[in-house]
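Read through the structure below, which is laid out as structure tokens, and then see the notes.
Throughout, a chain's letter reflects where its sequence line sits, starting with A, and its residues are numbered from 1.
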Amino acid sequence: MAKPDLSVEISGIKLRNPVMTASGTFGYGKEFSQYLDLEKIGAIITKGLSLRPKAGNPTPRIVETPGGMLNAIGLQNVGIDAFIQEKLPFLRTVNTPVIVNLYGNTLEEYGALAEKLDRLPEVAGLEVNISCPNVKQGGIVFGTDPAAAAEVVGLVRRSTSKPLIVKLSPNVTDIVRMADACVSAGADALSLINTLTGMAIDLEKRRPVLANVTGGLSGPAIKPVALRMVWQVSMAVTVPIIGIGGIMSATDALEFILAGATAVQVGTANFLDPSAAQTVAAGIEDYLAKNGIGHIKELIGALRV
Amino acid sequence: MAKPDLSVEISGIKLRNPVMTASGTFGYGKEFSQYLDLEKIGAIITKGLSLRPKAGNPTPRIVETPGGMLNAIGLQNVGIDAFIQEKLPFLRTVNTPVIVNLYGNTLEEYGALAEKLDRLPEVAGLEVNISCPNVKQGGIVFGTDPAAAAEVVGLVRRSTSKPLIVKLSPNVTDIVRMADACVSAGADALSLINTLTGMAIDLEKRRPVLANVTGGLSGPAIKPVALRMVWQVSMAVTVPIIGIGGIMSATDALEFILAGATAVQVGTANFLDPSAAQTVAAGIEDYLAKNGIGHIKELIGALRV
Amino acid sequence: MQFKSMVISNVQVSPGYFRMRMTAPPAIVAATPGQFVMVRVRDAIDPLLRRPFGIFDLGTFTTEYTDCGRQTFCEILYKVVGKGTEMLASLHHGDHLDLLAPLGKGFAAGEPAEEKILVGGGVGLAPLYFLAKELAKTSKVRLFAGGRNKEDILCITEFERLGVETYVATDDGTLGDQGLVTQVLEKHLAATGGSKTLFACGPFPMLKAVAGIADRYNLECQVSLEGYMACGVGACLGCVTKGKNHSEETPDFRCVCKDGPVFPYRELKWD
Amino acid sequence: MQFKSMVISNVQVSPGYFRMRMTAPPAIVAATPGQFVMVRVRDAIDPLLRRPFGIFDLGTFTTEYTDCGRQTFCEILYKVVGKGTEMLASLHHGDHLDLLAPLGKGFAAGEPAEEKILVGGGVGLAPLYFLAKELAKTSKVRLFAGGRNKEDILCITEFERLGVETYVATDDGTLGDQGLVTQVLEKHLAATGGSKTLFACGPFPMLKAVAGIADRYNLECQVSLEGYMACGVGACLGCVTKGKNHSEETPDFRCVCKDGPVFPYRELKWD
Ligand SMILES: Cc1cc2nc3c(=O)[nH]c(=O)nc-3n(C[C@H](O)[C@H](O)[C@H](O)COP(=O)(O)OP(=O)(O)OC[C@H]3O[C@@H](n4cnc5c(N)ncnc54)[C@H](O)[C@@H]3O)c2cc1C
Ligand SMILES: Cc1cc2nc3c(=O)[nH]c(=O)nc-3n(C[C@H](O)[C@H](O)[C@H](O)COP(=O)(O)OP(=O)(O)OC[C@H]3O[C@@H](n4cnc5c(N)ncnc54)[C@H](O)[C@@H]3O)c2cc1C
Ligand SMILES: Cc1cc2nc3c(=O)[nH]c(=O)nc-3n(C[C@H](O)[C@H](O)[C@H](O)COP(=O)(O)O)c2cc1C
Ligand SMILES: Cc1cc2nc3c(=O)[nH]c(=O)nc-3n(C[C@H](O)[C@H](O)[C@H](O)COP(=O)(O)O)c2cc1C
Ligand code: FES
Ligand code: FES
């Protein structure tokens, strides 16, 4: 039998397979390069980038929870200039699309950053993280208000001609409204979900475990919520969807694809197994081969409800 | 040393200890009576009750997920009349407060049910589940819209003089707004959280596992989200809070109490261990004794942030 | 009751099928065939829920290792299908489990004079062995066992040792007749007469076929169902099946865990 | 590298402390003292994250059970504190684990002529044993070991077999001097002279005290830190600690997993 075709396209970004690494869980690719073949995965999404270097939160920043983990890294990153100088050179040597995850604390930051990234040929696309507090509007999170989200997305849209992926926060009443707002404002694709806001407490110390008090829940625990949201959004929008949330195995990934995702991202699983993304991609290929499915596209949204 | 005092009061309902059983996970008490001493727990909350018998959803109705489970029982229940005839007689023999969880698909149903329950001396209080679709308003869920929630709560408030607990849904952008709306409308106490909406997929069948497609996520997986919401709400309201979500042990329960809960409910844990609620209560007593804490009240909201 | 149990043995009886013997309190002997146990596989959150298994056998064995010189046990026969059963299969003598047992309503034995016909599909044989042991004491018992292939036909020798007459059918003909066990059953019924009772356990389509046969031949028939379970005690309403009077307006849902798993087939809606 | 490992032995060396020997690929011998491993305790989601442990010892033993007649191993010394270490403690010879190793930056050995002073608090002794083994080949080595009570003082005999001179202090005086190990260290330094290097591993307050002592006596000093880790490879930024130039505007966070766990104390901010 012919090898199954795993290639997919996300608004012009051609991926050899639908498995990417989730922002913040895979550094800048290099950290994991000895554990897997970076050219066997679909794309690398880099750690959330901001205009200026960002210190992030005090420690502890992570804590394990049942079936998941909380993180409150606080979006620590080197900033766009150091990214270009220190991180891009390695990524340039890898024949795999690089998608840059970015965020700002003001509208202007999003815009300025998108403009700078637009000029980098190594960057295949942008993934806009809108789960950040808008410091100018008293900390209201861009990603939980459709109007604010549309404003950010619209601005970034005008600042770049690169493929524009918007990453949705699950901490909302109506994920479909958020998705619609972002697509109307110019998103080429949507990725979901980011982390659910949670908290852990140290009984003995009578304190929150995380210095930041709350953090973002990721890992297998959130998979059912993520699957539900991907499915809901896939019924409502026509742009490609990238499914994220607790994907540990090819089976998990294929479930997201059935629910309507064109591609997926592997996040927390990278910590359990640094070669997880490659293993998931290989597992999808095996599954297609075993089931005589010629192209992964036959499974996208193939859920029968 | 004197035995520690575990008693708490929820708007007039006196509990010997802060551990109740969560609605829908403990039937009508009797089902579990051979596995634990019902007079060693704080209160029994019965399965969600409606005015008329309700068939519920087709099967499969439950599925295990990583660190949790999804259920789509569809609020099957015997209806108020059979409840009074078949379930209350047993509950009357148990010297433990009975709180009735109730719901409606229209405002009128909530009101009529509350009126009927108001006349039953065996019922110590009402817990209003507002996570139900409002059939008259095109299925919008009462519990995700502050105005709709306030309307339901206001109506129930006018229909009963019993202690009124409102149970909040976590599937909202801003849990504090929901809490405020319910308290303003007359809630004596708040219980949170109900289940997070999720989904599971059967890869081989290419179908949702649940006949209802989506279901409610419960169990340890949701604990971080529940703790966070209890903490946020406890900072905003002055009425007592009942913490729910993934409580498996006394440690879990005490974390919720530190976060601001006056009492807790044990749900999914009853399935793993039918004596879980009693074990949790005993564990809290042990903890207080070991740490020289005379009264559980010393721990309520004692989190240092 | 809820109790801690120690694994005594856990042996593969056919590829992918295991038979596990566990200690149990003496009170377990009150259990009737068709009742089941809920096993907590690990004292952790993965797997989270208990797993239900029919009681395959019960008894007491003599051992020097207990003060009274004997030990009550219960056995399950299970197929490895997912995470929980995989973990069960990896347990050894001395490992510990937490059990709820006996649960649910078992088979009603019926008139001793009547011939008893047991119909099992694959691992559906599990509760039928315990049942055959009881029935064979007073009645003539026949077993019709079906499966996809010879690997799915379990413990036939054990049934024969009880004096049970066995009939086997496999989809691929690798053991016994080729075809469905219900076809073999129907052929047998057509050829024989007399008053008989049917007892069936297996996949839903098989049970439905058996119910149809019972109807056509006007025989009493009890079926043992499966259902996705959380509580096992009738509280969560996860495991329900439709009772004969079921409709949207007048719901008649029965709990497989509490009202069943064994039901007279006439009590159920078979659509 | 990432590899599957088999537990060779897992013995309790003091109440609540275990020493586990595991198979490792020959390439592990390139590891330097102070580097660590990340252990995946179970191939399931509970516990979810890997657990980090310093390398206690490395080597090769002769065995008939491998084709080449020998087997490389690595050892960890760990304290049971929570779910992950509890599960580790329950493992036996023949059980399997998944490891990432060696990770991070270890200790720099320094000048052979210099006397080496090792300071360990509780299970902080773990990486110091591997270090002592290397250093003792060429240098005079002294170990200052501290703990709450005698149960926290681990493997002293093993250190002494290497020719290391040992000094012990416990909070309750149940072994060695009563008091803090840093007090004993400081007394020793005050009484002796010469060029020395300090190597410390233990709880943060102890490390801070050692750093203070190094400062006062103007000695080189390397400390090994702990941090809550997810990835172990510098990607998640969970484990960071503040570098000496850190400020909100010009963040200087170092990854304990990748830039450490061993740092010259002057590289860190000790507030
Ligand atoms: C009353 C009753 C008696 C049973 N008796 C036996 C027996 O004697 N021998 C035997 O091998 N099997 C029996 N089963 C089926 C057995 O419970 C499942 O095969 C088992 O739970 C699968 O667990 P898993 O973790 O390996 O599979 P997974 O698929 O990983 O399980 C996931 C979830 O689905 C549930 N589940 C999966 N398959 C079934 C099923 N067929 N029925 C009910 N729930 C299921 C599990 O309990 C669990 O909650 C019985 C089921 C019921 C309801
Ligand atoms: C570089 C490094 C080297 C270490 N070397 C050793 C050693 O040689 N021997 C030893 O006994 N311990 C060592 N530790 C500490 C050890 O990692 C923890 O004790 C262990 O992870 C606790 O796991 P648990 O599941 O038993 O505890 P739990 O409290 O249940 O763990 C919950 C979570 O917190 C993390 N955690 C808990 N305590 C610590 C800690 N002190 N440091 C970092 N993370 C922690 C766990 O990794 C896990 O993610 C080291 C830690 C680091 C960072
Ligand atoms: C440690 C950590 C850091 C993260 N950092 C970012 C980030 O910088 N930007 C972003 O959009 N998402 C970030 N995320 C969210 C992940 O990209 C992903 O959406 C989430 O973890 C859910 O996927 P998972 O369950 O597979 O981990 C981070 C997650 C983790 C665990
Ligand atoms: C099987 C099942 C049925 C439930 N039925 C109800 C119900 O009828 N009414 C209600 O308010 N909550 C219901 N719940 C939600 C629980 O009361 C509880 O809020 C939720 O399960 C979270 O707690 P846990 O994680 O401890 O289970 C149900 C939960 C489960 C698992
Ligand atoms: S399993 Fe809960 S009602 Fe049957
Ligand atoms: S543990 Fe991930 S950066 Fe150190």
Checklist entry - Of the listed residues (B:Ala221, B:Gly246, B:Gly67, B:Ala302), which shares the most heavy-atom pairs with chain A below a 4.5 Å separation? => result B:Ala221
Checklist entry - If you count heavy-atom pairs under 4.5 Å between each of B:Arg304, B:Met248, B:Met229, B:Gln232 and chain A, which one has the most? => result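 Ranked by heavy-atom pairs under 4.5 Å with chain A, first place is B:Arg304.
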Item to check | Region of B:Ala259 in contact with chain A, defined by heavy-atom distances below 4.5 Å | outcome: both
Checklist entry - Which answer fits B:Val172, side chain, backbone, both or neither, if we ask what part of it has an atom under 4.5 Å from a heavy atom of chain A? => result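 Both the backbone and the side chain of B:Val172 come within 4.5 Å of chain A.
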Contact class of [X] relative to chain B, heavy atoms under 4.5 angstrom:
X	value
A:Leu299	side chain
A:Val225	both
A:Thr197	both
A:Leu303	both
A:Leu227	both

Item to check | Polar side-chain atom of A:Thr173 near backbone of B:Thr173 as donor-acceptor pair, under 3.5 Å | outcome: yes
Item to check | Side-chain (B:Arg228) to main-chain (A:Leu196) donor-acceptor, under 3.5 angstrom | outcome: no
Return the [atom1] to [atom2] distance between [X] and [Y], rounded to the nearest 0.5 Å.
X	Y	atom1	atom2	value
B:Met199	A:Glu255	CE	CD	9.5 Å
B:Leu258	A:Lys205	CG	NZ	13.5 Å
B:Leu203	A:Tyr287	CG	OH	3.5 Å
B:Arg206	A:Ile257	CZ	CD1	11.5 Å
A:Ile201	B:Asp252	CD1	CG	10.5 Å

Checklist entry - Which atom pair, heavy atoms only, marks the closest approach of A:Pro224 to B:Leu217? => result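 For A:Pro224 versus B:Leu217, the nearest heavy atoms are CG-CD1, 3.9 Å.
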